[in-house]
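First up is the structure itself, then whatever we jot down about it.
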Amino acid sequence: MHLDRLLLSAMATTLQSTSTTTKNGIHWFRRGLRLKDNPALIAAIEQNPKSLYPVYCLDGDSYNLRHCNALRANFLVECLQDLDHRLRERGSRLFVVSGDPVKKLPQLWEDWNIDFMTYDQDETGELYATQRDENIGKLAKKGNTNVELIAIASETLHPLHAYVSTSGKKALPISMRGFETLLQRTGPIAQPFEEPTCLPCPDSSIADNLYQVPKKATDLPWPRNTPRNQVTPIWGAEDCKNLTPIVQGGETHALQQLKSNLILKPKYVATYSKPQTSPTALTPSTTGLSPYLSSGCVSPRTVWWAIQEAVKKSNVKNPTKPPVSLEGQLLWRDFNYLMAHSAGENWRQMEGNKYCRHVPWDDDRVLLNAWKNGQTGYPWIDACMMQLKTEGWIHHLGRHAVACFLTRGDLWQSWEQGALHFESHLLDADYALNTFNWLWLSCSGFFYQYFRCYSPVAFQKKKDPSGMYIRKYLPVLAKLPDKYIYEPWKAPIADQKAAGIRIGVDYPKPIVEHTQISKENMSKMAAAYEAVKKAAGVDGPPKKKKQKTQKQSKIKF
DNA sequence: CACACGTTGGCTAG
DNA sequence: CTAGCCAACGTGTG
């Protein structure tokens with residue numbers, strides 16, 4: 001069922017010369033919304049079908065559609081429209097159906113007399129996707145149905161099962177360093193597949209106005225038609241106003257962006273260092289490719305090889321290296337996927353998640369909503385949250401700041417809540433990456449130095465002393481002098497008046513006092529860590545103190 | 001067991 | 001601008 005690369009190339013050589021068969025096939029687009037480096041689509045073409053139907057199934061759970069906001073919904077629509085357009089250029093088209101794929105696909109198998117179905121294998125371990133694919137697998141062999149399923153993993157540099165088998169009986173690494181070793185042992189990264197120049201036609205008797213791609217987000221059937229919907233969506237035409245997404249959806253834009261922000265900037269690529277990129281830049285200082293990777297408009301292997309070529313072309317003597325280099329960002333991505341895969345169905349939550357420490361977070365809706373709505377009284381935090389709302393993106397370091405603030409730093413709210421909010425708002429929302437980063441920032445897993453805490457005032461001052469970023473995303477503060485832009489509550493009444501603002505009325509006073517509360521929270525973290533150790537049942541003699549001679553001489557009983 | 005190190009901290013003294 | 005400290009971390013290697 002799961003073809004590997006070798007088998008696929010063998011098929012390519014044996015099948016290409018044979019004449020068209022009488023088979024009919026579906027290529028089921030789920031995540032990889034692209035033609036380039038889409039091995040499952042290539043596999044479909046190499047079956048030489050009489051008819052091939054490219055299908056996308058709009059359901060509430062894939063793409064987190066049930067909970068996503070207008071920005072994300074728009075982005076998906078753009079991806080589908082572009083895909084349809086590119087398919088039509090190659091003699092085909094996209095067929096969009098609405099509803100649960102487990103119900104809809106078997107119907108299509110019957111209607112179109114389908115013999116095989118190809119799709120990108122989902123290895124994330126996400127419960128919804130795993131169950132969906134298991135159910136499809138069962139139905140494909142049920143009764144008179146005999147649909148051959150061909151699934152190929154192509155959303156990571158190596159298939160995750162390759163990492164697992166390389167690792168063998170050894171536990172998977174839970175650090176980036178360990179992962180780098182594993183990646184090297186797993187072998188070289190495969191070259192991407194070229195995009196097909198033409199595709200087998202679907203049955204031309206199907207009317208063009210059937211299975212059409214939605215034209216705008218408000219056309220989407222979800223979540224209006226689902227009783228399971230718990231969250232009020234914001235997809236009305238009103239809600240689509242004043243949104244300025246950082247990128248437009250679709251493979252065409254993805255490849256343009258890859259070219260302009262990466263291929264044509266070899267020196268930028270070769271000297272890229274993630275921690276040096278600026279979270280306060282008014283246009284992204286990073287490549288802006290993340291939404292395309294998360295939706296599968298571009299494959300990680302395509303990006304990986306573009307990076308290799310750019311670095312070579314740059315002639316930079318000492319190009320940056322993982323984990324900070326651009327290549328390193330893709331390594332992080334695979335590492336995160338591997339962890340999600342290994343964690344299984346509890347990945348998104350604290351309970352039962354083997355990579356997540358138990359921390360007794362509070363559940364305070366007032367604080368949570370203040371954070372969500374950019375009303376914490378800390379301009380840097382609030383500006384980030386407003387950028388998320390209007391553009392669907394925040395720089396990685398901005399995400400660090402707001403995630404730390406919500407969890408261990410200041411508000412002591414569960415990372416799960418923050419992760420949910422991000423998932424519904426980020427154009428690059430990604431099951432594996434989003435959770436990994438929340439675990440990291442909340443010091444629940446993979447990162448443990450909870451005594452390193454971001455200040456909601458100090459960190460970004462270095463990069464943006466006059467607060468241009470804040471002025472853009474919080475226009476209410478735009479006229480404040482530089483001196484108070486990060487701490488408006490310190491502005492004297494006269495300055496507030498001059499800036500046309502009253503702190504506490506037009507913009508809130510800080511909802512917590514950072515200096516004090518972050519210290520308290522560190523103690524809470526220490527206690528939580530201690531409790532985890534105790535629960536692990538480490539009996540016997542207490543851990544020896546570090547032999548720092550100076551310190552020991554000072555500490556007396 | 002010891003040790004080095006970890007993609008991106010803050011603060012203060014010099 | 002940099003070094004060193006801060007109560008407080010764990011992983012992976014040797």
Side-chain angles (χ1 to χ4, degrees), chain A residues 167 170-185 271-281 285-286 319-336 339 354-357 359 378 380 384 394-405 407-410 433 436-437 439-464 486-487 514-533 536 538 540-541 543-552 554-555:
Chain A
S167 185
K170 257 182 84 178
L172 290 171
I174 57 172
S175 73
M176 184 56 177
R177 274 204 141 181
F179 177 75
E180 280 181 57
T181 312
L182 177 61
L183 179 109
Q184 272 164 15
R185 290 205 302 140
T271 57
Y272 186 97
S273 178
K274 189 60 170 277
Q276 289 354 304
T277 59
S278 173
T280 51
S285 55
T286 43
T320 50
K321 296 244 167 322
V324 298
S325 65
L326 206 47
E327 181 188 315
Q329 305 314 300
L330 288 174
L331 265 53
W332 278 103
R333 191 174 169 280
D334 269 33
F335 174 39
N336 292 189
M339 292 298 95
K354 66 174 168 179
Y355 294 122
C356 181
R357 272 152 199 264
V359 178
Y378 286 96
W380 158 242
C384 283
I394 322 175
H395 183 277
H396 192 61
L397 288 174
R399 300 184 197 193
H400 275 213
V402 300
C404 181
F405 189 87
T407 58
R408 67 184 168 92
D410 296 79
L433 273 60
F436 183 96
N437 283 303
L439 287 170
W440 182 287
L441 263 305
S442 65
C443 286
S444 300
F446 308 110
F447 177 80
Y448 314 94
Q449 292 162 271
Y450 54 78
F451 39 87
R452 287 195 179 175
C453 181
Y454 287 93
S455 157
V457 172
F459 179 70
Q460 55 293 336
K461 249 188 191 171
K462 288 171 264 176
K463 295 260 181 186
D464 184 16
Y486 286 97
E487 299 166 286
H514 169 75
T515 313
Q516 191 205 330
I517 208 154
S518 61
K519 272 187 192 150
E520 288 171 21
N521 287 349
M522 277 182 208
S523 314
K524 287 195 203 168
M525 284 306 283
Y529 272 42
E530 195 61 40
V532 168
K533 265 191 245 165
V538 196
K543 219 178 88 179
K544 272 189 186 174
K545 290 273 174 207
K546 275 182 196 163
Q547 300 293 318
K548 291 250 166 112
T549 46
Q550 243 192 351
K551 220 177 199 177
Q552 252 202 351
K554 278 182 191 167
I555 297 168

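These numbers come from a predicted model, not from an experiment. Each chain gets a letter, A, B and so on, in the order the sequences are listed, and its residues count up from 1.
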* Can you give the dot-bracket line for DNA chain B, where a pair is Watson-Crick or G-U wobble with both atom distances under 3.5 Å, crossing pairs use [ ], and | marks a partner on another strand? -> ||||||..||||||
* To do: Determine the contact category for A:Pro173: base if any of its heavy atoms lies under 4.0 Å from a base atom, sugar-phosphate if only primed atoms, P, OP1 or OP2 are that close, otherwise nothing.
  =>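 The answer is sugar-phosphate, as A:Pro173 gets under 4.0 Å only of primed atoms, P, OP1 or OP2.
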* If you look at every strand shown and take non-hydrogen atoms under 4.0 Å, does A:Ser325 touch a base, only sugar-phosphate, or nothing? ->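 Since no nucleic acid heavy atom lies under 4.0 Å of A:Ser325, the category is nothing.
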What nucleotide among [options] has an atom nearest to a side-chain atom of [X]?
{"X": "A:Ser175", "options": "C:dG10, C:dG12, C:dA8", "value": "C:dG12"}
{"X": "A:Met176", "options": "B:dT7, C:dG12, C:dA7", "value": "B:dT7"}
{"X": "A:Arg357", "options": "C:dG12, C:dA8, C:dG10", "value": "C:dG10"}
{"X": "A:Val324", "options": "B:dT7, C:dA8, C:dG10", "value": "B:dT7"}

* Checking ring pair (Phe, Tyr, Trp, His ring centres under 6.0 Å) for the pair A:Phe335/A:Phe436: CA distance, chi angles, key distance, verdict? -> CA-CA 9 Å; A:Phe335 174 39; A:Phe436 183 96; 5.4 Å; yes
* **Contacts of type salt bridge (Lys or Arg N to Asp or Glu O under 4.0 Å), residue A:Arg357, not counting sequence neighbours** =>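 With neighbours one apart ignored, the set is empty.
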* Asked: Looking only at heavy atoms, what is the nearest atom pair of A:Leu441 and A:Thr407, with distance?
  ->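 What the structure gives for the nearest pair is O-OG1, 4.2 Å.
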* Between C:dC1 and B:dT7, how far apart are the P atoms? Round to whole Å, please. =>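 To the nearest whole Å, 27 Å.
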* P-based separation of B:dC5 from C:dG4 [nearest Å] ->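 Each nucleotide's P atom is 16 Å from the other's.
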* Sugar-phosphate means primed atoms, P, OP1 and OP2; the rest is base. With that split, encode nucleotides 8-14 of chain B 5' to 3' as B, S or - using protein heavy atoms under 4.0 Å. => BBSS---
* Asked: Using a distance-only test with no angle check, is there a side-chain donor-acceptor pair under 3.5 angstrom linking A:Ser455 and A:His514?
  ->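 There is no such pair (donor and acceptor under 3.5 Å, judged by atom type) between the side chains of A:Ser455 and A:His514.
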